[in-house]
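Beneath this line is the structure, given in structure tokens, with notes to follow.
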Amino acid sequence: MEDARDLAERTARSERKRRDSFGMFDGYDSCSEESTSSSSSEDSEDDVVRSIPASLPIIKNNGQVYTYPDGKAGMATCEMCGMVGVRDAFYSKTKRFCSVSCSRSYSSNSKKASILARLQGKPPTKKAKVLQKQPLMAKLAAYAQYQASQQNQAKSKSVVPPESFDWGRYICSSNTVGAPVSCFKHAPMGTCWGDIEEGVRIEVPNSDTNLSTKVYWIAEIIKLAGFKALLRYEGFDNDTSKDFWCNLCIPEVHPVGWCASSNKPLVPPKSIQHKYSNWKPILVKRLTGAKTLPMDFTAKVRENMQFPFKKLMRVEVVDKNYLCRTRVALVEQVIGGRLRLVYEDDGLDDFWCHMYSPLIHNIGWSRSIGHRFKRSDVTKKAEGQVDAPAQLFQKVKDVDQSEEWFKDGMKLEAIDPLNLSAICVATVKKVLADGYLMIGIDGSEAIDGSDWFCYHAMSPSIFPVGFCEINNIELTPPKGYTKLPFKWFDYLRETGSIAAPVKLFNKEVPNHGFRIGMKLEAVDLMEPRLVCVATVTRIVHRLLRIHFDGWEDEYDQWVDCESPDLYPVGWCQLTGYQLQPPASQSNRDTPLSVPKQKKKTPQYKGQKKKRKIPVGRRAFSQSGRRRSSFSGDEEQSPPIYCIQGPARPRAHLHPIHKSESLLRMKEDPADGDEFTFTQGTSDQESNGSGSYYIKQEP
């Protein structure tokens, strides 16, 4: 009995020599020496930990981490490829394999042997068993979604991908910062990013090694930009030669302690392997009390990459050809929460918007508030189609319309959805139920109201009279109004109108966290398929001025700070969406001449714009053709008109008279199937709340 006990103790000591509490293996000679323990009592460990803010897991001085889970409930590991995932999603009744192909491949002994050899870094044996204690890190849902999106894009529409864009090099070269993930509540991890900051330690693959097997080492976050972080391997101190950028949400990033619990080798980079004869006391000293990622970080990323909208769900969406009405559309594709929608009665016409966009609503929304609606030609749902549940849509704030409220004819200022760079003089045309208003732009509206658009009373895209003047923003006067400069006092007197009461508007300014100069990824809602590299150039209360890098200032956009069309740096990489890099000098100076598309049946495309090719504007669209005018003359599929809080203005585009386009539209008879449901501060820029008022003039 004693001999057996001695043998067990010797085996345990041998194992401790081979792997210490940080998961360090003897991949290098310097790591194989007997480690000296820098032991301390449990009381002293707890005192060290309590002295540091504990919003992130704290590394104890024995290398372990608090509250590390022993296992993942409801998870399974594929016996063929090692992929970890939700057990219910696995193949077969026994849930042994992640897919049919893995199940079939498992029967091949040669395949099993080759996999084992690749994972263990040694020749396979005849009795090799697949993945004994060698589970691989779970593939994030983002990666699977990326593959699916690439396949769907190849089937549905040929897209010319731009050159790959290096966010890290771009940020370092311009010495800028990225907006924090916590600024984007609608983005994955936006509400649970926590205190991930500079100085946090993580475990990542070690690329500075000659070993044939995959090994890991500890790295420190030197700089953060959205999802991306500049990392430096532990032990390099002030040496930046091996610094690298990494997306923190990819599967290869882990909290400190993961290697030890997963039997993964933790090996120092070869450039510094001989810097210390024994690395363990160095790691103990440097990591004790340091912060690392939450233990459930990977699980949270996976959870945040699940989106409730599914293909073939039916929604009501604004008709981009007639802004005053809605139509039924089907969800065709979902990437990172962005939806590609196609109208139910026209499957060839598609456009993109976010699932939290105020453009989309549940089926029956139009009837409930009295909004105009175009009846679909489709009388029966196709197989698999289902109405999207009402709880999936973004909720609006409840309002009390029984007391003082908006009335028809009241004046205000609003972002023009047909010219997304402009805040214009506007009028309340019709009051709907549940706080919704139909708004028209003064001097440009159609006689039949076909260009009215719907804003909620709490929308951040409508403002009280005087907002632009107070905040030093250019207000676009009514077309044909010659008494310039425009004065609200004179205009109200001349038109016999009254201004909407200031107290009816949304004056809430959240502590959004954006700062001037921050980088981000932003949708160009003139072509909403495109997500572009952008910069915050101005902040006025909750409005952000977004500049598309590489293009002239005249194409900047006013966007609400909570717009679902703004994303952190690295969002495109995480979700598999295509990122449009800044315009190159060659594209800006030498635009190609592309023949125009033949016009289809005349449709109302909104306010026409003459589109010059200025220095610094996009010369090419994602499909490889030159950017179209907003009227859609040169675009196969016209862009969506964004009637939403996060408005997307376009500045100084030399518009042709809107009346001309409206007259052309009116030459066609209106659709016979359309009907209407009836139913009874100062001028300073700040992140805080500001006062809204109109200056009194004699």
Check: [Y] main-chain N/O paired with [X] side-chain donor or acceptor under 3.5 Å:
{"X": "Glu203", "Y": "Cys259", "value": "yes"}
{"X": "Ser173", "Y": "Arg169", "value": "yes"}
{"X": "Asn304", "Y": "Met189", "value": "yes"}
{"X": "Lys395", "Y": "Leu392", "value": "no"}
{"X": "His186", "Y": "Gly190", "value": "no"}
{"X": "His354", "Y": "Tyr356", "value": "yes"}
{"X": "Ser563", "Y": "Asp565", "value": "yes"}

A side-chain contact here means heavy atoms from C-beta on lying under 4.5 Å apart; do [X] and [Y] qualify?
{"X": "Val536", "Y": "His547", "result": "no"}
{"X": "Val215", "Y": "Leu266", "result": "no"}
{"X": "Phe244", "Y": "Val204", "result": "yes"}
{"X": "Tyr170", "Y": "Asp166", "result": "no"}
{"X": "Val267", "Y": "Leu211", "result": "yes"}
{"X": "Leu530", "Y": "Val523", "result": "no"}
{"X": "Met355", "Y": "Pro564", "result": "no"}
{"X": "Thr240", "Y": "Ile222", "result": "no"}

Modelled atom types, side-chain donor and acceptor of Thr537 and Thr535, under 3.5 Å =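 There is no such pair between these side chains.
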Can you tell me if Arg338 and Tyr567 form a side-chain donor-acceptor pair at under 3.5 Å?
-> yes
Taking only residues two or more places apart in sequence, or in another chain, which ones meet Ala534 in a side-chain contact (heavy atoms from CB on, under 4.5 Å)?
->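 Here the qualifying residues are Leu520, Ala522, Ile546, Phe548.
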Which value, rounded to the nearest 0.5 Å, describes the distance between [X] atom [atom1] and [Y] atom [atom2]?
{"X": "Lys214", "Y": "Ser207", "atom1": "NZ", "atom2": "OG", "result": "11.5 Å"}
{"X": "Lys228", "Y": "Cys246", "atom1": "NZ", "atom2": "SG", "result": "7.0 Å"}
{"X": "Leu231", "Y": "Phe236", "atom1": "CG", "atom2": "CZ", "result": "12.5 Å"}
{"X": "Glu521", "Y": "Leu574", "atom1": "CD", "atom2": "CG", "result": "10.0 Å"}
{"X": "Asp524", "Y": "Cys532", "atom1": "CG", "atom2": "SG", "result": "5.0 Å"}
{"X": "Cys561", "Y": "Leu566", "atom1": "SG", "atom2": "CG", "result": "9.0 Å"}

Do you know which two heavy atoms are closest between [X] and [Y], and how far apart they sit?
{"X": "Asn206", "Y": "Thr209", "value": "O-CG2, 3.2 Å"}
{"X": "Arg201", "Y": "Ala290", "value": "NH1-CB, 3.9 Å"}
{"X": "Arg542", "Y": "Pro510", "value": "NH1-CD, 3.6 Å"}
{"X": "Thr292", "Y": "Pro255", "value": "OG1-CA, 3.4 Å"}
{"X": "Trp245", "Y": "Ala225", "value": "CZ3-CB, 4.1 Å"}
{"X": "Gln580", "Y": "Gln578", "value": "NE2-CG, 3.7 Å"}

Can you say whether the rings of Phe514 and His512 are parallel (under 30°), tilted (30 to 60°) or perpendicular (over 60°)?
-> tilted
For the residue pair His254 and Trp258, categorise the inter-ring angle as parallel (less than 30°), tilted (30 to 60°) or perpendicular (more than 60°).
-> parallel
Aromatic ring centroids of [X] and [Y] under 6.0 Å?
{"X": "Trp571", "Y": "Phe227", "value": "no"}
{"X": "Trp352", "Y": "Tyr577", "value": "yes"}
{"X": "Trp217", "Y": "Trp279", "value": "yes"}

Ion pair present between [X] and [Y], side-chain N to carboxylate O less than 4.0 angstrom?
{"X": "Glu234", "Y": "Arg286", "result": "yes"}
{"X": "Glu197", "Y": "Lys291", "result": "yes"}
{"X": "Asp239", "Y": "Arg232", "result": "no"}
{"X": "Lys275", "Y": "Asp237", "result": "yes"}

Verdict with reasoning, Ile196 to Ile221, per side-chain contact (heavy atoms from CB on, under 4.5 Å) = CA-CA 9 Å; Ile196 299 176; Ile221 297 178; 4.1 Å; yes
side-chain hydrogen bond (donor to acceptor under 3.5 Å, both in side chains) partners for Glu220, two or more places apart =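 Glu220: no side-chain hydrogen bond (donor to acceptor under 3.5 Å, both in side chains) contacts found.
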Criterion side-chain contact (heavy atoms from CB on, under 4.5 Å) on Trp193 and Phe184, from CA distance to verdict | CA-CA 10 Å; Trp193 190 248; Phe184 309 88; over 6 Å; no
Go through Tyr233 and Asp243 one step at a time and tell me if the side-chain contact (heavy atoms from CB on, under 4.5 Å) criterion holds.
-> CA-CA 7 Å; Tyr233 288 123; Asp243 288 4; over 6 Å; no
With side-chain contact (heavy atoms from CB on, under 4.5 Å) as the test, would you mind laying out the steps for Lys270 and Asn210 before giving the verdict?
-> CA-CA 8 Å; Lys270 65 179 181 180; Asn210 293 328; 3.0 Å; yes
Quick one: salt bridge (charged side-chain N to carboxylate O under 4.0 Å, His left out) partners of Lys519, sequence neighbours excluded?
->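 Salt bridge (charged side-chain N to carboxylate O under 4.0 Å, His left out) list for Lys519, sorted by chain: Asp549.
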